[in-house]
Trainee: 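Have a look at this one.
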Amino acid sequence: MVGAANSPPEKPVGDRAARLSWLPRLQSTGERLLAIVGLAAFLAGTLPDLPAIYNSGLTVLCLAVAVLFALEYIVRLRQAPARLSWALSAPALIDLLAAAPVPLALALGASPGAARLFGVFWALKLIRLDPAFSLFARVLRNERRPLLSVTTVFVVVILFAATAAFVVERRAQPEAFDSVPAALWWAVTTITTTGYGDRVPATLAGRVLAGAVMVSGIGLFALWAGILASGFSQELRRREFLESWDLVVRLPLFRDLGAPALSEIARSLKVQNATADAIIVRQGQPGDSMYFIAEGEVEVRRAAQRFRLAAGQFFGEMALITGEPRNATVVAAAPTRLLRLDVSDFRGLAARQPKLLEIIETENARRRVSAPT
Ligand code: CMP
């Protein structure tokens, strides 16, 4: 039996074919493996007393890795809609650094050992292929001003510390603190609390100064960490919002609610994926969230009854409205993308969006009549 619940969407939600495509994943795995093989060859090539046979083998391997990356660069360049702007982008520059230097160095007559050293750029490929790279780059871009301010304070503190150390220590240790530039090394190792011990303050004033520099260093690092952490959390929230907004605006259920309401709804919903046959809610358990189906299909199971709900429909609303345990088990009938609305957000949203509450309550009442508990 298929439940005739709220109407399904008129157009398909999401490009499933693109999402399921395995080719890009295979390609990035291949690129990663290639970079790792190249890096291993470059590292092995720096070992002393390497037999000549391995030496030329490693050079051929490094050259092969670089040539494959070069071919990949050419293909990407040809496929880019705006070639110049692609070529100037950070990922493209990394691709170029992975492809060009080794063969170029060999062509210009560098020794194989020296040419292989350019293989260190393959490490950048690993960063470029990391899905979190764009997130990290964006956080750095967003937070560049506060990060720059803290860096400036850092430099100023180092400069003052070095000058103060020069003033209080130069008489006691003229060879270690004979100039401010020489004291700068001490200031850097002290503020980072590295303390190599090659330059140690001998006077009481110098030790008090060292303590103050160490404490201020910890404070400045904490500031950096705090800026980055809040930048990451803001960016993740923004991405989450965009992802759920993208799905929310395409659901007919929300279509007539208007942009401000949609924006509030998108902020409250969390995207959740369910694999086929995964149990999403279990009969008899307390309910703390309801779900909107963005893509895929679920099956509602209650005793011998079976109801199918498709994209555009929702479930899990009964427990939120009545406060009773879940009256059915809901299972993903296919890989399904859900938008989850937690009970606290449901209450706030219901209070501010009476139209949405009305739609949910009407459907809930219809379900109760069509399949009474
Ligand atoms: P809830 O009781 O919170 O959890 C199980 C969910 O299954 C329930 O909310 C409804 O959303 C859904 N459900 C129960 N009965 C029906 C029905 N007759 N038609 C469609 N969905 C139902």
Side-chain angles (χ1 to χ4, degrees), residues 1-14 243-245 247-257 261-262 264-373:
M1 187 174 10
V2 175
N6 47 317
S7 55
E10 285 147 21
K11 60 176 179 175
V13 182
E243 195 183 7
S244 81
W245 169 268
L247 297 170
V248 163
V249 290
R250 287 186 273 165
L251 286 183
L253 181 67
F254 302 127
R255 192 162 289 160
D256 301 327
L257 293 178
L262 281 182
E264 190 186 357
I265 291 168
R267 234 181 290 281
S268 311
L269 296 174
K270 285 155 196 94
V271 178
Q272 181 177 320
N273 294 316
T275 51
D277 298 327
I279 295 175
I280 304 159
V281 307
R282 222 181 266 274
Q283 187 168 14
Q285 285 192 342
D288 55 2
S289 40
M290 68 170 290
Y291 302 83
F292 299 89
I293 307 168
E295 293 169 16
E297 201 176 17
V298 301
E299 187 171 81
V300 178
R301 296 176 184 170
R302 195 153 62 91
Q305 296 176 312
R306 297 284 184 271
F307 305 92
R308 284 268 169 144
L309 300 177
Q313 297 177 296
F314 58 81
F315 61 91
E317 79 294 349
M318 288 186 185
L320 300 197
I321 292 172
T322 61
E324 289 167 10
R326 300 284 192 198
N327 80 349
T329 293
V330 183
V331 178
T336 301
R337 217 145 184 237
L338 301 161
L339 289 162
R340 196 183 76 234
L341 180 62
D342 293 332
V343 65
S344 53
D345 294 320
F346 171 78
R347 293 210 179 103
L349 207 58
R352 285 185 299 277
Q353 305 294 338
K355 232 168 141 183
L356 179 65
L357 182 65
E358 195 186 316
I359 296 171
I360 294 172
E361 282 185 337
T362 308
E363 176 58 20
N364 178 44
R366 195 202 60 72
R367 285 175 182 176
R368 283 176 180 282
V369 172
S370 72
T373 46

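Predicted model only: the values in this text are computed from it and were never measured. First listed ligand is number 1; within each ligand, the first listed atom is number 1.
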Trainee: Counting from 1, what ligand 1 atoms have a heavy atom of Ala319 closer than 4.0 Å?
Mentor: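 Counting from 1, the qualifying ligand atoms are 1 (P), 2 (O), 3 (O).
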
Trainee: Give the table of side-chain donor-acceptor pairs shorter than 3.5 Å for residues 269-278, with sequence neighbours excluded, one pair per line with atom names and distance.
Mentor:
{"residue": "Lys270", "atom": "NZ", "partner": "Asp345", "partner atom": "OD2", "Å": "3.4"}
{"residue": "Gln272", "atom": "OE1", "partner": "Arg340", "partner atom": "NH1", "Å": "3.0"}
{"residue": "Asn273", "atom": "OD1", "partner": "Arg337", "partner atom": "NE", "Å": "3.2"}

Trainee: So, regarding Glu317 and ligand 1 (criterion: nitrogen or oxygen to nitrogen or oxygen, under 3.5 Å), is there a contact or not?
Mentor: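 Between Glu317 and ligand 1 (N or O atoms, distance only) the closest approach is under 3.5 Å.
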
Trainee: Side-chain polar contacts of residues 348-358 - donor-acceptor pairs under 3.5 angstrom, sequence neighbours left out - could you list them?
Mentor:
{"residue": "Arg352", "atom": "NE", "partner": "Glu264", "partner atom": "OE2", "Å": "2.4"}
{"residue": "Arg352", "atom": "NH2", "partner": "Glu264", "partner atom": "OE2", "Å": "2.6"}
{"residue": "Gln353", "atom": "NE2", "partner": "Glu264", "partner atom": "OE1", "Å": "2.9"}
{"residue": "Lys355", "atom": "NZ", "partner": "Asp256", "partner atom": "O", "Å": "3.3"}

Trainee: If you take the nearest heavy atom of each of Gln305, Glu299, Arg326, Arg301, which one is closest to atom 4 (O) of ligand 1?
Mentor: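 Residue with the shortest heavy-atom distance to the ligand atom: Arg326.
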
Trainee: Just heavy atoms, cut-off under 4.0 Å: does Asn364 contact ligand 1 by side chain, backbone, both, or neither?
Mentor: neither

Trainee: Residue-level breakdown please: for Asn327 versus ligand 1, do any non-hydrogen atoms fall below 4.0 Å on the side chain, on the backbone, on both, or on neither?
Mentor: both

Trainee: Would you mind listing which atoms of ligand 1 come within a distance below 4.0 Å of any non-hydrogen atom of Gly316?
Mentor: 1 (P), 3 (O), 4 (O), 6 (C), 8 (C), 9 (O), 10 (C), 11 (O)

Trainee: Indicate yes or no for a side-chain donor-acceptor contact from Arg306 to the backbone of Glu299 under 3.5 Å, with no hydrogens or angles considered.
Mentor: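 Absent.
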
Trainee: Does ligand 1 come near enough to Arg302 that some N or O of the ligand is less than 3.5 Å from an N or O of the residue?
Mentor: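 No.
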
Trainee: For ligand 1, which atoms, with element, lie under 4.0 Å from some heavy atom of Phe315?
Mentor: 11 (O)

Trainee: Just by modelled atom types, is the Asn327 backbone N or O under 3.5 Å from a matching donor or acceptor in the Gln283 side chain?
Mentor: yes

Trainee: Of all the heavy-atom pairs spanning Ile293 and Ala310, show the shortest one and how long it is.
Mentor: CD1-O, 3.5 Å

Trainee: My understanding is that only one of Tyr291, Phe307, Phe292 makes a ring-ring contact (aromatic ring centres under 6.0 Å, His included) with Phe315; could you say which?
Mentor: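 Option passing the ring-ring contact (aromatic ring centres under 6.0 Å, His included) with Phe315: Tyr291.
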
